[in-house]
Amino acid sequence: KIVAFLGCDGSGKSTIVRNLFEIYKPYFPCSKAHLGKPFIENNFLKEVYSSNQKFREKNNIDEFQFKKGFKVLTLSCLRLFSAYYQYLKKFLGVTVLTDRWPSNFPNSIDGPKIFDNKSSSPIVNFFNKLNIFIYELIPNSDLLIFLNTDYEKILERNAKREDSEPSSFLKKRYFDIENSKPKTKEFLIFKNNKKLEEAIDDCLYLVSNF
């Protein structure tokens, strides 16, 4: 199976994926992935994602430029490739636990970026249609668990992190994540205001039962 976790920064998805992987690893083939930032453990891609984040913060991403379009399509293709790579592992008998999974809902978290095209530019139209097409090709995960965490709890956890995010960024992400509709066969909502150990135990039960 492919089991994905979705949630705002600070909801616990990365930690839960990492812990479930460590729990399951001695008993059967399993792996962990990150479909929001595919192959992020690769040093080169880690640097690319970091520079992209700074690029988005300094620029208006809604206005099309060829460089922006190329970056967006590169991420889309990486997500497509990674999604099928996870399916290959599933086909070979590996259980995949992944932090996030792509959505085909335009301009949502992990979904196709659609550039503003008020001028009806054929180039922008091409980029938008190609990006939508790529996400249509991405298969469904088997189960997606949405870690629904109160905003106050998100802020509290974020304050304790070494790489804490600005509250304005978190607020936008918090509401954007609710509009994300990842491609999945089954969907569960898990209220994650608990202590980390309790949340891991609960998610272990949910995933094992599934």
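Residue indices begin at 1 and follow the sequence shown. This structure is a prediction, so every number in the text was calculated from the model and none was measured.
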Got a list of side-chain donor-acceptor pairs under 3.5 Å for residues 198-210, not counting sequence neighbours?
unit_1	atom_1	unit_2	atom_2	d
D202	OD2	K194	NZ	2.4
S208	OG	Y24	OH	2.5
S208	OG	L204	O	2.7

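- A donor-acceptor distance shorter than 3.5 angstrom exists from the side chain of K183 to the backbone of I138, with no hydrogens or angles considered.
- The structure places SG of C30 at 9.5 Å from NZ of K89, a figure rounded to the nearest 0.5 Å.
- A distance of 8.0 Å separates CD in E186 from NZ in K1, rounded to the nearest 0.5 Å.
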Item to complete: Kindly indicate, with the supporting measurements, whether the criterion side-chain contact (heavy atoms from CB on, under 4.5 Å) is fulfilled by V72 and F115.
Response: CA-CA 10 Å; V72 165; F115 290 101; 3.7 Å; yes
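- No side-chain heavy atom of P38 sits under 4.5 Å from any side-chain heavy atom of L45.
- Of the inter-residue distances, the one linking H34 atom NE2 with S82 atom OG reads 10.5 Å to the nearest 0.5 angstrom.
- A distance of 9.5 Å separates OG1 of T95 from CG of D142, quoted to the nearest 0.5 Å.
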Practice prompt. Report the C-alpha distance between V3 and S141 in whole Å, list the side-chain angles of each, state the deciding distance to 0.1 Å, and finish with yes or no for side-chain contact (heavy atoms from CB on, under 4.5 Å).
Written response: CA-CA 6 Å; V3 180; S141 62; over 6 Å; no
Worksheet item: Step by step, would you call T15 with R18 a side-chain contact (heavy atoms from CB on, under 4.5 Å)?
Response: CA-CA 5 Å; T15 304; R18 185 172 62 251; 3.7 Å; yes
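- No single ILVMFWY cluster, assembled from side-chain heavy atoms under 4.5 Å apart, contains both F190 and I154.
- Salt bridge annotation for D150-K191: present, with a cationic side-chain nitrogen under 4.0 angstrom from a carboxylate oxygen.
- Using modelled atom types, one side-chain atom of S180 and one backbone atom of I109 make a donor-acceptor pair closer than 3.5 Å.
- Within the 3.5 Å criterion, the main-chain N or O of F70 finds a donor-acceptor partner in the side chain of T74.
- Note on ring orientation: taking the six-membered ring where Trp is involved, the planes of Y84 and Y87 are tilted (angle from 30° to 60°).
- To the nearest 0.5 Å, the span separating CG on L97 from CZ on F21 amounts to 8.5 Å.
- Follow the hydrophobic side-chain contacts under 4.5 Å out from L143 and you never reach L6; the two are in separate clusters.
- Nearest approach of R100 to D110, heavy atoms of both residues: NH2-OD1, 2.6 Å.
- A donor-acceptor contact shorter than 3.5 Å is absent between the side chain of K32 and the backbone of V17.
- A donor-acceptor pair under 3.5 Å links the side-chain atoms of N192 to the main chain of S11, judged by distance alone.
- L137 and L35 fall within a single hydrophobic cluster, where Ile, Leu, Val, Met, Phe, Trp and Tyr side chains are chained together by heavy-atom contacts under 4.5 Å.
- Taking every heavy atom of both residues into account, S103 and S108 meet most closely at OG-OG, 3.3 Å.
- In this structure, the separation between CG on L155 and SG on C8 is 8.5 Å, given to the nearest 0.5 Å.
- Electrostatic pairing of D99 and K37 does not count as a salt bridge here, judged by no charged N lying under 4.0 Å from a carboxylate O.
- Residues T149 and R157 have side chains in contact (heavy-atom distance under 4.5 Å, counting atoms from C-beta outward).
- Residues E136 and K129 are not paired through a salt bridge, judged by the lack of any N-O separation under 4.0 Å between the basic side chain and the carboxylate.
- Follow the hydrophobic side-chain contacts under 4.5 Å out from L188 and you reach I16 in the same cluster.
- For residues 121-148, every residue pair satisfying the ring-ring contact (aromatic ring centres under 6.0 Å, His included) rule, not counting sequence neighbours, is listed here: F64-F127, F66-F127.
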Item to complete: Go through N107 and K113 one step at a time and tell me if the side-chain contact (heavy atoms from CB on, under 4.5 Å) criterion holds.
Response: CA-CA 5 Å; N107 292 333; K113 170 63 191 172; 3.5 Å; yes
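- Under the 4.5 Å side-chain heavy-atom criterion for Ile, Leu, Val, Met, Phe, Trp and Tyr, I2 and F187 are members of the same hydrophobic cluster.
- Contact of the W101 side chain with the R79 side chain is not registered, since no non-hydrogen atoms from C-beta on lie closer than 4.5 Å.
- Proximity of F39 to F81: side-chain heavy atoms (C-beta onward) are separated by under 4.5 Å at one or more points.
- Looking at N131, its side chain never comes within 3.5 Å of a backbone N or O of P112 through a donor-acceptor pair.
- Partner of D9 under the salt bridge (charged side-chain N to carboxylate O under 4.0 Å, His left out) criterion, chosen from R173, K172, K153: R173.
- The local environment of NZ in K181 is sparse, with at most 12 non-hydrogen atoms from other residues, nucleotides or ligands closer than 6.0 Å.
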